[in-house]
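Notes to accompany the following structure.
This structure is a prediction, so every number in the text was calculated from the model and none was measured. Labels below follow one simple rule: chain letters A, B, ... track the order of the sequence lines, proteins then strands, and each chain is numbered from 1.
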2 protein chains.
Amino acid sequence: MALGHAIMTALLEDELSGYELARDFETSLGFFWQASHQQIYLELRKLSDKGWLSKREVSQSGKPNKIVYGLTTDGREALAEWVFSTTRNQAAKDNLLVKLYNLDADNVAHLAGEITARREEMMRRLYLYAKIRRRHYEQPETLPTRRKGVYLALALGIRQGEQFLAWCDEALDLLATVET
Amino acid sequence: MALGHAIMTALLEDELSGYELARDFETSLGFFWQASHQQIYLELRKLSDKGWLSKREVSQSGKPNKIVYGLTTDGREALAEWVFSTTRNQAAKDNLLVKLYNLDADNVAHLAGEITARREEMMRRLYLYAKIRRRHYEQPETLPTRRKGVYLALALGIRQGEQFLAWCDEALDLLATVET
DNA sequence: GTGTATAATGCAAATAATTGCACAACAACC
DNA sequence: GGTTGTTGTGCAATTATTTGCATTATACAC
């Protein structure tokens with residue numbers, strides 16, 4: 001029930017609707033936990049059924065009304081408990097690396113293309129990360145406790161991202177040595 | 001059908017049994033794609049049904065007999081095709097980072113413990129990576145084509161791993177500033 | 001008033017992955 | 001002879017995730 005906990009985490013400080021959660025999951029928390037809107041709506045219902053979330057309809061003008069969810073006391077407790085659970089970590093699954101095991105003269109150009117695309121995507125993401133850090137996390141030691149944790153997640157994203165860029169360059173160089 | 005392709009990739013050069021695949025998936029390819037033995041046996045049956053794998057019983061002495069699987073011509077073709085498919089990327093789902101968003105005075109000690117454990121695990125893994133690189137991938141430019149791809153996967157693992165260690169240190173330092 | 005875009009919520013079916021169990025061959029130790 | 005450990009294969013049930021629809025409200029441009 002990991003997605004449930006990610007959603008509850010997103011609701012720690014704000015009430016959010018399913019639509020907003022789905023949108024936010026493409027940034028912020030979503031950098032290391034993605035979910036489609038279908039999955040989010042389903043999970044919201046499950047969490048509500050368990051009594052961990054409360055729902056409330058909000059009238060809007062200029063847009064359809066929305067249903068916002070907030071953590072209940074039970075939800076807050078369950079989340080706090082979950083943090084103490086020992087979760088086995090799931091190492092990343094990446095198709096690109098599996099594909100690289102199949103490298104040959106025929107597909108080298110295609111794989112170089114995929115790497116280039118991923119590199120560009122990562123550049124954009126890093127740009128965003130850098131902006132967020134500059135704006136909100138300039139001096140991590142002075143942040144309130146919870147924000148320190150958020151900063152650390154961001155910091156890992158930045159480190160891994162930068163390393164990924166360097167790897168892309170190395171990979172493209174090596175792929176260039178493959179004779180076609 | 002990503003697991004299927006990972007299995008087929010593992011069978012590119014060798015015939016392997018389900019048990020051997022499950023074991024190998026804990027190293028090598030398994031560094032970025034893990035699967036339980038149940039999943040592997042199920043997938044092997046599916047791939048056989050499709051005609052992408054052939055099976056063959058092998059008598060053994062001192063151990064129970066095993067059933068080894070090998071790529072058929074159809075399987076080889078399907079795999080080669082898959083490499084050209086555009087696969088939307090990755091999972092990168094990590095409970096630890098979600099947990100960090102919940103950082104507070106109560107759980108800081110626990111989270112520091114989790115990070116320490118992950119750090120140690122990564123140290124062991126990096127040690128293994130380093131050994132593999134030293135033994136088999138000393139001069140990447142001189143490798144045969146397919147091995148260049150395998151090397152690149154390893155190289156990414158090493159880069160990301162080293163960065164992760166550095167992050168663990170940063171994280172532990174910052175967590176030490178949290179007042180309990 | 002018709003098409004297009006965005007905001008908003010959801011169901012159903014299929015596929016993927018995990019968890020829990022079961023069983024059998026063989027070795028080696030006590 | 002019994003227990004424990006490794007090798008080996010598998011099913012069933014559950015949970016998680018993806019894919020493919022489906023629908024409603026509102027704004028805006030043509």
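- Counting to the nearest Å, the C1' atom of dA8(C) and the CD1 atom of Ile67(A) are 9 Å from each other.
- The CG atom of Leu47(B) sits 13 Å away from the C1' atom of dA16(C) (whole-angstrom rounding).
- Within residues 6-14 of chain B, no residue has any heavy atom closer than 4.0 Å to DNA chain D.
- Counting 5' to 3', DNA chain D first comes under 4.0 angstrom of a heavy atom of chain A and last does so at the ends given by dA16(D) to dA27(D).
- For Lys66(B) and Ser59(B), the side-chain atoms include no donor-acceptor pair closer than 3.5 Å.
- Along DNA chain C, the nucleotide nearest to Gly18(A) and the one nearest to Ala35(B) differ in position, and the one closer to the 5' end is contacted by Gly18(A).
- Using a 4.0 Å heavy-atom distance criterion, Arg45(A) is classed as a sugar-phosphate-only contact.
- Heavy atoms only, all atoms of each residue included: Val98(A) and His5(B) are closest at CG1-O, 4.2 Å.
- Within 4.0 Å (heavy atoms only), Leu3(A) reaches sugar-phosphate atoms of the nucleic acid but no base atom.
- Taking atom CG on Leu42(B) and atom P on dT15(C), their separation rounds to 12 Å, with Å as the unit.
- Using a 3.5 Å distance cut-off with no hydrogens or angles, the side chains of Thr142(A) and Gln139(A) do not pair a donor with an acceptor.
- Distances shorter than 4.0 Å separate some side-chain N or O of Ser17(A) from OP1 or OP2 on dT9(C).
- In this structure, the side chain of Lys93(A) engages the main chain of Gln34(B) through a donor-acceptor pair within 3.5 Å.
- Take the nearest nucleotide of DNA chain D for Lys66(B) and for Lys46(A): the residue whose nucleotide is more 5' is Lys66(B).
- As rounded to whole Å, 10 Å separates atom P of dA16(C) from atom NE2 of His5(B).
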Practice problem: List the protein contact pattern of nucleotides 19-30 of chain C with one symbol per nucleotide (5' to 3'): B for base contact, S for sugar-phosphate-only contact, - for none; contact means a heavy-atom distance under 4.0 Å. | Solution: BBB---BSS---

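- Put simply, the side chain of Thr72(B) gets close to the backbone of Gly51(B): a donor and an acceptor are under 3.5 Å apart.
- Grouped with Val58(B) in one hydrophobic cluster are Val68(B), the linkage being side-chain heavy-atom contacts under 4.5 Å among Ile, Leu, Val, Met, Phe, Trp and Tyr residues.
- Listed by chain and number, the residues in a side-chain contact (heavy atoms from CB on, under 4.5 Å) with Asp104(B) are Asp106(B), Asn107(B) (sequence neighbours excluded).
- Note on Tyr41(A): every side-chain N or O is 4.0 Å or more away from OP1 and OP2 of dG10(C).
- The number of heavy-atom neighbours closer than 6.0 Å to CD of Glu81(B), taken from other residues, nucleotides and ligands shown, is 12 or below.
- Lys148(B) pairs in a side-chain contact (heavy atoms from CB on, under 4.5 Å) with only one of the listed residues (Leu100(A), Val178(A), Leu175(A)), which is Val178(A).
- The list of side chain to side chain donor-acceptor pair (under 3.5 Å) pairs with a residue in residues 39-56 of chain A, not counting sequence neighbours, reads Glu15(A)-Arg56(A).
- For the residue pair Thr9(B)/Lys99(A), the side-chain donor-acceptor check at 3.5 Å is not satisfied.
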